[in-house]
> 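Below you will find the structure I want to go over with you.
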Amino acid sequence: MMLSKGLKRKREEEEEEEKEALAVDTWWLDPGHPAVAQAPPAVASSSLFDLSVLKLHHSLRQSEPDLRHLVLVVNTLRRIQASMAPTAALPPVPSPPTAPGIADNLLASSDAALSASMASLLEDLSHIEGLSQAPQPLVDEGPPGRPTGGAPPSLGALDLLGPATGCLLDDGLEGLFEDIDTSMYDSELWAPASEGHKSSPEDGPGKEEAPELDEAELDYLMDVLVGTQALERPPGPGR
Amino acid sequence: MAGAGGGGCPAGGNDLQWCFSQVKGAVDEDVAEADVISTVEFSHSGDLLATGDKGGRVVIFQREQENKSRPHSRGEYNVYSTFQSHEPEFDYLKSLEIEEKINKIRWLPQQSAAHFLLSTNDKTIKLWKISERDKRAEGYNLKDEDGRLRDPFRITALRVPILKPMDLMVEASPRRIFANAHTYHINSISVNSDHETYLSADDLRINLWHLEITDRSFNIVDIKPANMEELTEVITAAEFHPHQCNVLVYSSSKGTIRLCDMRSSALCDRHSKFFEEPEDPSSRSFFSEIISSVSDVKFSHSGRYMMTRDYLSVKVWDLNMESRPVETHQVHEYLRSKLCSLYENDCIFDKFECCWNGSDSAIMTGSYNNFFRMFDRTTWRDVTLEASRENSKPRASLKPRRVCAGGKRKKDEVSVDSLDFSKKILHTAWHPAENIIAVAATNNLYIFQDKAN
């Protein structure tokens, strides 16, 4: 699995990135490449799509994602996906995928499913952000503007994540995705965390795995997305 | 100081001969992450120059008074004060480390002998007072010289303490800490022209503070959608108008700028003006949105214009015209064909700042390979210069640099493919009155002056 040398890494690894000058002989620069061409490309390559998915994945793995980076990558990914020729819907194949396999399956999912997944990832971000509403400044009635800080967006999320917050973040990606997976089924039915996580029918490879980007993780990512498709989740904004 | 610009401040970029003046920072090839400079700002008089770094430290340089006994010092900047502004913090609830990196420093206008500045990391803004002490009192009645209390019954006579000179000591003390008001990462702070309030902006919200009050602030802009799944845009920079204390602007990741008037509504979620340049269909690509994202917005000193920096260009806007900028200056257009690579290595997300000169006749911004660019708005000429130790002989003139975009490379040109993308100049500052510029190149601070200075 190709891991682009330039992807953002955790702070301690940052010294290794961007030491080199812009590579000349990468296929990115192939002028025949649709993504590189000056004219508005009709269709992006699946590799550009993969790269963007990797970036999104990587961005979400940060303990506190850079929201601007995340939003720009998500928007770019949507653009790329929108330009890709739609293929016939394939039956979900949760087999260990190679990179092209993932791309095919993701292509096969509806745009709504991908949007819904990304949306849930962002929603979950929001819950996590909401947890850190520290002691609020005093509310003032008179002067203009809203006093800052409200309650966290959802106390339900707080209950769920409660003591498991540490576990959630310790697990890195797995925990994050497990939570998202749950939210797609039915948010009201979240039971207080018994072992710290709501288990889902499509439990991922497990928390024991090292949080490295590997095929098992991509497998899980794909399961989440493909699993969404299978549930016929209603698409569209606002649920 | 002699030679202050006055009314005849010369036009900016190119009629001037820029010369190396000083460089601050380690020469080491191995740069410690903590030493990377993350913000540079001149004070309102230009006598002080502050830098913040990733390690949470602030270093303030002061311009030496020109004096005849040291004619060569010629207004050099030397270290005046160094202090640890922010420390790394741990948010136990989210199990997150909050970086101590200083994102921005803004000076308050000087109102007394002491200097005040605001410095901020991702979450907390601090007001620092920097004051000098060059005298101490001697001859207390109730204390001995070594500080021990004297027995009051033994005091038979009173004396008036006298002030005696001492070695100059510069002290920095935190006077206010403005915390717990930002869920997301603070990207901007801006002091209002009323000198009483300031704004702080994060990815989704802008808050208004009173400098005296730390336990509350007012949210004036909030673009967080009800459902985070609908999030498609974040705030990237914000600034108060230099003269109208009710006006502020903020820019977005979609390349738009909104001007808000706090008089029209307490909540400025609805803008008064909306600045956006229509996309050029011929240059559209998958990266169009990313490169249109505005990384910095700065009002001109006059308050008539504002300047925005996106990935490839700097644009000057007339506040009275929302439909398009009045000027567009290309910073490094040769990168347009390399966007894919730059997306791959994340350079496309770099946030460059920009600045005006004192008379608003020139603008400056950074690029890669330790290059920085200046644009003269009156002559419409531009120049590319380099901040490097190789051109660091005192008062050595800087030679203009050229980048060869393709085809045959001429002598002295640098080809695009040999640019070093790890050497980025993100932060620059221009003295408010004179032609002196400060350029941050990773962990080094370069100061350049016009030969005539």
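Letters A, B, ... are given to chains in the order of the sequence lines, protein chains preceding strands, and every chain is numbered from 1.
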> So for B/I290, is it side chain, backbone, both, or neither that comes closer than 4.5 Å to the heavy atoms of chain A?
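The answer is both parts of B/I290.
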
> Do the side chains of B/E289 and A/R78 get close enough for a salt bridge, i.e. N-O under 4.0 angstrom?
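Looking at A/R78 together with B/E289, the answer is no, because their closest N to O distance does not fall below 4.0 Å.
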
> Report the distance from atom CG of B/D203 to atom NE2 of A/H69, rounding to the nearest 0.5 Å.
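These two atoms lie 13.0 Å from each other.
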
> Verify side-chain contact (heavy atoms from CB on, under 4.5 Å) between A/V74 and B/T232, making sure each step is shown before the conclusion.
CA-CA 8 Å; A/V74 166; B/T232 56; over 6 Å; no

> Are any of the side-chain heavy atoms of A/R68 and B/H185 separated by less than 4.5 Å?
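Not in contact.
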
> Heavy-atom cut-off 4.5 Å, strictly under: side chain, backbone, both or neither for B/I98 against chain A?
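It is neither, since no heavy atom gets under 4.5 Å.
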
> For the OG atom of B/S253 and the CG atom of A/L67, what is their distance to the nearest 0.5 Å?
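With rounding to 0.5 Å, OG (B/S253) is 9.0 Å from CG (A/L67).
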
> With heavy-atom distances below 4.5 Å as the criterion, would you say the side chains of B/V234 and A/L72 are in contact?
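No. Closest side-chain heavy atoms not under 4.5 Å.
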
> Do B/F287 and A/L48 pass the side-chain contact (heavy atoms from CB on, under 4.5 Å) test, and can you show the C-alpha distance, the side-chain angles, and the key distance before you say yes or no?
CA-CA 11 Å; B/F287 310 112; A/L48 190 59; 4.0 Å; yes

> Relative to chain A, which segment of B/S293 carries a heavy atom at a distance below 4.5 Å: side chain, backbone, both, or neither?
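Only the side chain of B/S293 comes within 4.5 Å of chain A.
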
> State, to 0.1 Å, how close A/K55 and B/E344 come at their nearest heavy-atom pair, and which atoms those are.
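Heavy atoms only, the tightest pair is NZ-O, 3.2 Å.
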
> So, A/T76 and B/Y343: side-chain donor and acceptor under 3.5 Å apart, yes or no?
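No.
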
> Can you say whether B/S252 sits under 4.5 Å from chain A via the side chain, the backbone, both, or neither, judging by heavy atoms?
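Nothing of B/S252, per the 4.5 Å heavy-atom cut-off to chain A.
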
> Considering all heavy atoms of both residues, which atom of B/S285 and which atom of A/R79 are nearest to each other, and what is their separation?
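Where B/S285 meets A/R79 most closely, the heavy atoms are O-NH1, 3.3 Å.
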
> For the residue pair B/K254 and A/N75, establish whether any side-chain heavy-atom pair is separated by less than 4.5 Å.
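When only atoms from C-beta onward are counted, A/N75 and B/K254 do touch, with a gap below 4.5 Å.
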
> Quick one, A/S52 with B/F286, criterion side-chain contact (heavy atoms from CB on, under 4.5 Å). Give me CA distance, side-chain angles, the key distance, then yes/no.
CA-CA 11 Å; A/S52 300; B/F286 291 109; over 6 Å; no

